[in-house]
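This report refers to the structure that appears directly beneath it.
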There are 2 protein chains.
Amino acid sequence: MALRHAVLAALLDGEFSGYQLAKAFDIGVANFWHALPQQLYAELARLERDGLVAGRQVVQETRPNKRLFRVTEAGRAELEAFAAAASKPSFIRDDLLVKVQAADRVGTAPVIGQLEERASAAEAKIELLSALLRQLRGDVDEEEFLLRGERIGPYLTCLRGLAFEREHRDWCLRIAAVLRERRRATHGER
Amino acid sequence: MALRHAVLAALLDGEFSGYQLAKAFDIGVANFWHALPQQLYAELARLERDGLVAGRQVVQETRPNKRLFRVTEAGRAELEAFAAAASKPSFIRDDLLVKVQAADRVGTAPVIGQLEERASAAEAKIELLSALLRQLRGDVDEEEFLLRGERIGPYLTCLRGLAFEREHRDWCLRIAAVLRERRRATHGER
DNA sequence: CCTCCATACTCAAAAATCTGACTAGTCAGT
DNA sequence: ACTGACTAGTCAGATTTTTGAGTATGGAGG
């Protein structure tokens with residue numbers, strides 16, 4: 001039941017609509033949780049029903065009205081309890097890794113292409129996260145910010161995301177190079 | 001539908017029973033996919049029904065009989081098609097990261113403990129994977145093995161798992177240190 | 001002797017997640 | 001005038017994953 005807590009955690013930084021949350025779940029929040037918009041709207045409805053968030057209607061002229069949500073005291077308490085409870089271990093689940101596992105038995109050509117695409121995507125995400133981190137910490141340097149910044153949660157999770165993407169990019173490039181080299185060496189046996 | 005392909009990929013290295021696969025999904029295969037034994041048995045049944053794997057009964061004296069499965073030609077073709085199709089991006093989904101995101105708003109004490117536990121767990125996994133890698137490559141060094149080894153798929157995915165665990169351990173320790181330092185600096189405001 | 005652990009599986013049901021389609025208005029570009 | 005993208009959602013249904021409880025046998029340790 002961690003989607004619920006991911007939403008609460010994301011709402012700690014202000015009031016957001018389901019639509020805005022969906023954006024956040026594509027960038028910063030994506031570093032620790034992934035969810036589709038439909039899930040978020042449904043979860044927000046449940047959270048409101050349970051009194052963990054409160055929503056208010058905002059009427060807009062030029063675009064559709066929206067509902068902004070904020071965490072209630074009960075919601076904060078729920079997060080507190082969640083933080084104190086045991087975590088389950090995290091897992092990688094990745095199509096591409098499945099393909100690499102099978103690669104030298106089923107043909108490497110398409111996998112090499114995908115590895116390189118992934119590396120590019122990771123690179124783009126690295127840029128994005130680096131910019132986000134700079135923005136979050138403002139002028140001060142990282143050490144200083146981490147010690148004295150008043151809100152460091154999102155920064156810390158972005159750091160994790162950044163490290164993950166770098167790792168991912170490097171691995172993809174390395175493996176692509178290895179597979180290419182092997183193809184060269186055995187000149188097209190596969 | 002990647003569990004199905006993860007199972008096929010795992011079966012590329014020999015005949016395994018559901019029980020043995022469950023073990024593999026706890027160690028090596030866990031580097032790219034996670035599944036509970038019940039899922040594996042169910043998936044193996046479906047795969048057999050669809051002709052992608054073939055099972056045979058092995059009668060044992062001192063323990064329960066088992067069924068060993070191997071990938072059929074159709075199964076190999078299925079994997080080939082899967083490898084050629086587009087992959088979906090991979091996501092981290094981690095309870096603990098949710099807690100870190102919320103940490104400076106809901107109390108850091110329990111989170112620090114969990115970060116340090118996680119770091120230990122990651123350390124153990126690092127040992128395990130390092131040993132597994134040594135075993136997979138035998139005497140030769142990595143460069144040599146990757147270039148000329150005949151089966152490198154599992155090695156490559158373990159490399160990814162190892163990098164992930166190292167990254168994870170380092171991040172956990174870093175964040176735990178940061179949170180501890182902040183507690184010290186503000187002496188128990190939270 | 002008794003309990004725990006390992007092997008080897010099965011069944012049912014709940015919960016979480018994903019797929020796909022749909023509404024409806026605004027704005028920018030061709 | 002038309003197309004496509006962005007805002008801001010909703011609904012239904014399928015699929016996947018998790019939770020929890022069983023079955024049955026053999027060997028090891030106390």
Side-chain angles (χ1 to χ4, degrees), chain A residues 1-8 15-27 29-30 32-50 53 55-69 82 85-95 98, chain B residues 1-7 15-27 29-30 32-50 53 55-69 85-95 98:
Chain A
M1 247 212 317
L3 170 58
R4 131 167 302 209
H5 302 106
V7 169
L8 286 172
E15 279 188 323
F16 296 101
S17 67
Y19 190 78
Q20 287 173 297
L21 265 187
K23 301 253 147 148
F25 269 74
D26 266 1
I27 312 172
V29 183
F32 54 92
W33 210 265
H34 164 77
L36 299 166
Q38 297 95 310
Q39 277 177 275
L40 299 178
Y41 289 114
E43 195 60 51
L44 282 170
R46 273 190 293 271
L47 283 165
E48 190 176 26
R49 187 199 61 198
D50 298 345
V53 306
R56 67 184 177 91
Q57 181 85 3
V58 173
V59 178
Q60 299 185 118
E61 313 249 295
T62 143
R63 19 191 101 189
N65 298 339
K66 61 182 171 182
R67 301 201 68 217
L68 293 184
F69 296 90
F82 173 69
S87 314
K88 18 189 113 162
S90 70
F91 298 111
I92 295 184
R93 237 176 203 168
D94 191 339
D95 274 17
V98 176
Chain B
M1 244 207 324
L3 170 58
R4 132 166 302 210
H5 301 106
V7 169
E15 278 188 323
F16 296 102
S17 65
Y19 191 79
Q20 288 172 297
L21 265 187
K23 302 254 147 149
F25 269 74
D26 266 2
I27 313 171
V29 183
F32 55 94
W33 210 264
H34 164 76
L36 298 166
Q38 295 95 308
Q39 275 178 277
L40 300 178
Y41 287 115
E43 195 60 50
L44 281 169
R46 274 191 293 270
L47 283 164
E48 189 176 26
R49 186 200 61 198
D50 298 345
V53 306
R56 66 184 177 92
Q57 180 85 5
V58 173
V59 179
Q60 298 184 115
E61 313 248 294
T62 142
R63 20 191 99 187
N65 297 339
K66 62 182 172 183
R67 302 201 67 216
L68 293 183
F69 296 89
S87 314
K88 18 187 113 162
S90 71
F91 298 112
I92 295 186
R93 235 173 206 169
D94 190 339
D95 273 17
V98 177

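By convention in this document, chain letters (A, B, ...) are assigned in the order of the sequence lines, proteins followed by strands, and residues within each chain are numbered from 1.
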Look for any protein N or O under 3.5 Å of an N or O in nucleotides 12-17 of chain D and output each such pair with its distance, or none.
none

Polar side-chain atom of B:E48 near backbone of B:A45 as donor-acceptor pair, under 3.5 Å: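 Checked: no pair found.
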Sidechain-backbone polar pair: B:R93 side chain, A:H34 backbone, donor-acceptor under 3.5 Å: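 Yes.
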What is the minimum heavy-atom distance between [X] and [Y], and which atoms define it?
| X | Y | value |
| --- | --- | --- |
| A:R67 | A:Q57 | CG-OE1, 3.4 Å |
| A:E43 | A:R46 | OE1-NH2, 2.9 Å |
| B:F32 | B:A6 | CE1-CB, 4.3 Å |
| B:G18 | B:L40 | O-CD1, 4.5 Å |
| B:Q60 | B:N65 | N-OD1, 2.8 Å |
| B:L44 | B:V53 | O-CG2, 4.1 Å |

Name the residue closer to the 5' end of DNA chain C, choosing between B:R67 and B:F91 according to the nucleotide with the nearest heavy atom.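 Upstream on the strand: B:R67.
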For DNA chain C, whose closest nucleotide is more 5', that of B:F69 or that of B:K88?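 The answer here is B:F69.
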Using the heavy-atom set of chain A and a strict 4.0 Å cut-off, write down the first and last nucleotide of DNA chain C that makes it in, 5' to 3'.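 Result: C:dA16 to C:dC27.
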